[in-house]
Number of protein chains: 2
Amino acid sequence: MKKLFQLFFYLIISLAVQAEDGYSLWLRYTPITNNETRTAYRNAIKGWQVAGNSPTLTAAKEELQNGLNGLLGQTLPEMKSGAGIIQVGTPASSPAIAALIGKSGLKDKGADAFLIQSSNGNSGATIIIAGNTDKGALYGVFHFLRLLQNGSSLKNLSIVSAPKIQHRILNHWDNLDRTVERGYAGFSIWDWHKLPDYIDPRYKDYARANASVGINGTVLTNVNANALVLTDQYLEKVAALANVFRPYGIKVYLTARFSAPIEIGGLKTADPLDTAVQGWWKRKTAAIYRFIPDFGGFLVKANSEGQPGPQNYGRNHADGANMLADAVAPHGGIVLWRAFVYSNETPEDRFKQAYNEFKPLDGSFRKNVVVQVKNGPIDFQPREPFHPLFGAMPKTPLAMEFQLTQEYLGFATHLVYLPSLFKEVLDADTYAKGAGSTVAEVVDGSLEGHALSAMAGVANIGNDRNWTGHPFGQANWYAYGRLAWDHTLTEEQLAEEWIRQTFGAQQALVDTIRKIMLTSHEALVNYMTPLGLHHIMGYGHHYGPAPWYDKAPRADWNPTYFHKADKDGIGFDRTAKGSNALAQYSPEVRKQYENVNTCPEEHLLWFHHVRWDHKMKSGRTLWEELCAKYYEGVNSVRAMQKSWNNMKPYVDAERFEQVRMLLAIQEKEAVWWRNSCLLYFQTFSGMPIPAQYEQPDKTLEYYKNLRFPFAPGNG
Amino acid sequence: MKKLFQLFFYLIISLAVQAEDGYSLWLRYTPITNNETRTAYRNAIKGWQVAGNSPTLTAAKEELQNGLNGLLGQTLPEMKSGAGIIQVGTPASSPAIAALIGKSGLKDKGADAFLIQSSNGNSGATIIIAGNTDKGALYGVFHFLRLLQNGSSLKNLSIVSAPKIQHRILNHWDNLDRTVERGYAGFSIWDWHKLPDYIDPRYKDYARANASVGINGTVLTNVNANALVLTDQYLEKVAALANVFRPYGIKVYLTARFSAPIEIGGLKTADPLDTAVQGWWKRKTAAIYRFIPDFGGFLVKANSEGQPGPQNYGRNHADGANMLADAVAPHGGIVLWRAFVYSNETPEDRFKQAYNEFKPLDGSFRKNVVVQVKNGPIDFQPREPFHPLFGAMPKTPLAMEFQLTQEYLGFATHLVYLPSLFKEVLDADTYAKGAGSTVAEVVDGSLEGHALSAMAGVANIGNDRNWTGHPFGQANWYAYGRLAWDHTLTEEQLAEEWIRQTFGAQQALVDTIRKIMLTSHEALVNYMTPLGLHHIMGYGHHYGPAPWYDKAPRADWNPTYFHKADKDGIGFDRTAKGSNALAQYSPEVRKQYENVNTCPEEHLLWFHHVRWDHKMKSGRTLWEELCAKYYEGVNSVRAMQKSWNNMKPYVDAERFEQVRMLLAIQEKEAVWWRNSCLLYFQTFSGMPIPAQYEQPDKTLEYYKNLRFPFAPGNG
């Protein structure tokens, strides 16, 4: 017995060490270490019952079993009834649950809602996890397991939860050759070559992870689209993925290349008003639904950055979107039409172009079209003001597009907790219908009473073992899904949940890592683009700083276009004296920004060209403040490093070392950003970097000569 | 206690299931399941001692500890002396070992040799694992662990082993953008972007796996080379990898782009006789050795398939190789110069060109040059006769280049055990110095007394979790290394070793899987290229059959060039009446092949254009035999499937299911090969596929119209 015990012990040690490679994400289900909590749970939970055997309820059962057995460290039996039973089901699958739901208020909450309720019946305390649909029950199971992982009390549970947003979607910018545009976690997890016959176990784990945070849609392919994915050869592969995802309530979407009727259809035009083109899309869509009966719909990037679109034929975005909307409508599909458009020919401030093109089309889109708008007006910069389209198109459902992949935020080597950014935008007030008209309420449809609502996150997922390259990239995937379900959750709360599930529950660990996460976004803004600087990164690959770059083939791809530094000052004047982009906001928002002296300093250079000697709130000049912020950014990273090093006793060796190495890279690159930006801007300000700071040890020329021909993500 | 036990039990179950994803390769060190064996080992092994603390001996200690603890399922202590001790060291690190080695005969066996010897001293039975160097001791530890994994008796151990080949190298065809040319297991494991600061744990596991089978060199970059890897920016990254590999006795090599002096050196020429060019390479090489003091040397593909080379300047291969050899010689490096050359301009049988170019240069290469020759004269086909250069350049060390990645053998979805192919070539008789002058003896240097010897395997490794895509691809990596160490090992023996280490020791499992492996190569030859057919695969990507293809920009890239099917017959006449390639072999070899009636049928169409009604040994006509072989190939795959399905009780769920799905793809593609090839060749033979066979259910047109725009490995 002792020998066997010893054997088991070493097995555990060796396997546990091996297993902490991040693959399990926040679904590790390792035994609860707090004795009190574990005992309480073991007393409260004696077994489980899942009523029904649909694929989704089977998935729920499998997850509940694995989760409970793992967390409680004992095998719990299937039970018929009795004290301590966890009952899972729907009104359709269980009369008991049908009875209960009548009283709970769950009924009107929709297909995705769930109920978790403890009750004391005749046979003792039980917990019911119910959904109006199988999918709701599955969400309930994941939420219940989350409660356990977070050490929540199981007494008097009475949770009814329904998502605020209907379509909670990941956008993969994955190409058919498995490169991922702006992907930094390896290559695409979709192994197209081996599909449909080889089903990577990863596909199911991907579905589990998404379902656990409420994500219910995935766009498999890059918005810079390839029409071949719409051919039978690929649809067969897409269908195989959809089959894996379906039990987890996840619908598959594809990007539609606007010129597909020409490229794979043999037509001479892709004009959306041409009946042959319309017919082709209808037939093609019907074919897709034959492969994938619950196909979600199309995501389209049209007439943007070289992609074809309706404007090639003198039509507008509504013409294009509506044609596709009509094709998917009979099948229940939707069209997500991106508003990220800007034209090379128009010498207009790029900030303003999406608004200018889309605002006039408000009211002309079909009911099943959502216009998908990036969080800010330029392009996923470390900090942007909210996009002026939010609140400006009351008749059109607008989807929020966030970017989880860190295209402009240090790739997968910088620790940046993005919910800080997400919440800043979601909570921003558009004043569209008076004070309190937040961006979140525009997106969830409540402000204008739209039934259709969507949120998109550009995925940070690749075939790296830990999915996201940086172990902390997982937190952004996690929190994105949770926020799409409920945007009132705070970033603190989501950080804490994620930490407990991903690293452990010791208080010192939770407190320290939470602090690292919550300071990380501001740190990055400071060492990259403080005070409202934006778009000053390397050309093409977007790696590292290049504020000096001015050789791009179009003006608005050049950092110099955006910072406009000169001997007088720095920043883009978007007031009435400048591009007047501020006019796109409601008067209340405009007012916040239009005065250089009262404009929030975090957005200052977004809206004003500011003199180097402008006095800031701190009493410092703008130049001194810029220096202070850049140095503050680097110092924050160094503080993160120190904090992390204290975590060694709490974190497994593999992930500890990974994060340690990545933070070292982040520190090195933060210094690179700081030094090269300050040296460059100094050529305009003519002012010294204050002597109290460590001075740059390389020249501006050195930084300008760095080249990165194989920086990742340029796929 | 019972609860704790239960907890542990479920932990093990959940972790063990998770862990069998193939990442651990043949180094799983799971507890020995045979009770008798485990008891015997536990009685014989009580602890260990590693004398010395160099990085290599530290690695040996770590491996021994992990291996013993895992296999025996108990923690063994470090011991000073006593019965049951495993003592590891070198003469330099331990006086006891120094004394023992005197008698053992190890001393003269070189730096890599090891000794494993059991002895009964005053204090009881002990086992000594010793090397002349730390590296030898490490090899000994890996071999000892292999003995345990294979259930070998520990009584009267007296093993002295030294490699027959000095440089046992993997060639990675990995590009700096992480694509892998002809790679089918995902993308490159070298994450160049994050190097040198981020050290993926995989790098160490890669080194361990290689060291465990005796591989002592790795060429990191593609033979279609990029000069940038020779710049400081990349050498810093290469050095970081070399630092990880060094303790495991693995040297790093790079591919040298011949035109690098122009591309990164700013010179106007790369002429090897130009003193500025020579000087540039000398300085560049010295710089490399400053980064990597034990740098192995250069691998060069020159004047082949568009790569630059000495012939661009009117010089020959020896001029090019010698210039580089002179640069690395002062530092102890070598040059591996590839003989895989063929010219578009020369209307000569491609079979003959390498011989024609290199044979005349025999004797003109520097002492530290090895000419690296592919196993066959064309290009890694499913079966080739041995390359005529073997035995034809007595004054020059010739390295064998095998291809582990299955460029022409079904990518990573076909189960093919390659040692069957390797041994066929290694054991072939060149008759260079009379009967028994095997290719293996040419390569190991023994035939002509060369001290310098090398073997290269083009790696099948990518960032797929299980390294090789197909779980059975691991066997080819494993067996390649073992054969490079000792080419007298049999394919049966190596299969059995690998199975026991990778899947388990149950006899039914070992017997069944071994049979699958040993029949797999002939199966593939039969369903792809029976009877000496070759190079009839898809153009460019090399995926699937395309014997009809004749549109390539050069004649010898077209399948039709190689099979020459017409209404009379099929095959390439390489006798004196044809291209006379046979003249490149010794008379004895030529004689075996030159008569169409006595030529071994497995090579028939390599050397003869044979009439469709030619009578084969079976009594069938050639056409009937071709049909029979193609059908036999498919049937073999179906038999493999059946056998594998019987393995379900013995194999973990994840790998069982993986292989099951992959075999289904293999069966589907075998049918595709068979049907499309027979339908196509039938257009020449005009004969029916005999009625007893299942008839093709698709037309030749269908097969001809298949397109694979994103087939992998075209990087």
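Throughout, protein chains are lettered first and strands after them, A, B, ... in sequence-line order, and every chain is numbered starting at 1.
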**Student:** Write down the atom of B/Arg707, the atom of A/Gln233, and the distance for their closest heavy-atom approach.
**Tutor:** O-NE2, 2.9 Å
**Student:** Heavy-atom distance under 4.5 Å to chain B: side chain of A/Tyr29, backbone, both or neither?
**Tutor:** neither
**Student:** Does B/Pro712 reach the side chain of A/Arg178, with side-chain heavy atoms less than 4.5 Å apart?
**Tutor:** no
**Student:** More than 12 foreign heavy atoms under 6.0 Å from OH of B/Tyr702: is that the case here?
**Tutor:** no
**Student:** Given side chain to side chain contact (heavy atoms under 4.5 Å, CB included), test B/Phe710 with A/Leu228 step by step and report yes or no.
**Tutor:** CA-CA 10 Å; B/Phe710 298 103; A/Leu228 282 177; 3.8 Å; yes
**Student:** Can you confirm whether or not the ring centre of A/His193 sits under 6.0 Å from the ring centre of B/Tyr184?
**Tutor:** no
**Student:** Measure across A/Pro201 and B/Glu654 and return the closest heavy-atom pair with its distance rounded to 0.1 Å.
**Tutor:** CG-OE2, 3.8 Å
**Student:** Closer than 4.0 angstrom, basic N to acidic O: yes or no for A/Arg202 and B/Asp21?
**Tutor:** no
**Student:** Restricting to side chain to side chain donor-acceptor pair (under 3.5 Å), what partner residues turn up for A/Tyr543, sequence neighbours left out?
**Tutor:** A/Glu669
**Student:** Is it the side chain or the backbone of B/Asn226 that comes within 4.5 Å of chain A heavy atoms, both, or neither?
**Tutor:** side chain
**Student:** Quick one: side chains of residues 657-666 of chain A, donor-acceptor pairs under 3.5 Å with protein atoms, not counting sequence neighbours, listed by atom name and distance.
**Tutor:**
| residue | atom | partner | partner atom | Å |
| --- | --- | --- | --- | --- |
| A/Glu657 | OE1 | A/Arg660 | NE | 3.0 |
| A/Glu657 | OE2 | A/Arg660 | NE | 3.4 |
| A/Glu657 | OE2 | A/Arg660 | NH2 | 2.6 |
| A/Gln658 | NE2 | B/Tyr198 | OH | 2.8 |
| A/Gln666 | OE1 | A/Leu415 | N | 2.9 |
| A/Gln666 | NE2 | A/Leu415 | O | 3.3 |
| A/Gln666 | NE2 | A/Tyr527 | OH | 3.1 |

**Student:** Side chain, backbone, both or neither: which part of A/Asp464 has a non-hydrogen atom closer than 4.5 Å to chain B?
**Tutor:** side chain
**Student:** In terms of heavy-atom pairs under 4.5 Å with chain B, which of A/Thr413, A/Asp191, A/Asn463 leads?
**Tutor:** A/Asn463
**Student:** Hey, are the side chains of A/Tyr23 and B/Tyr23 touching, using non-hydrogen atoms and a 4.5 Å cut-off?
**Tutor:** no
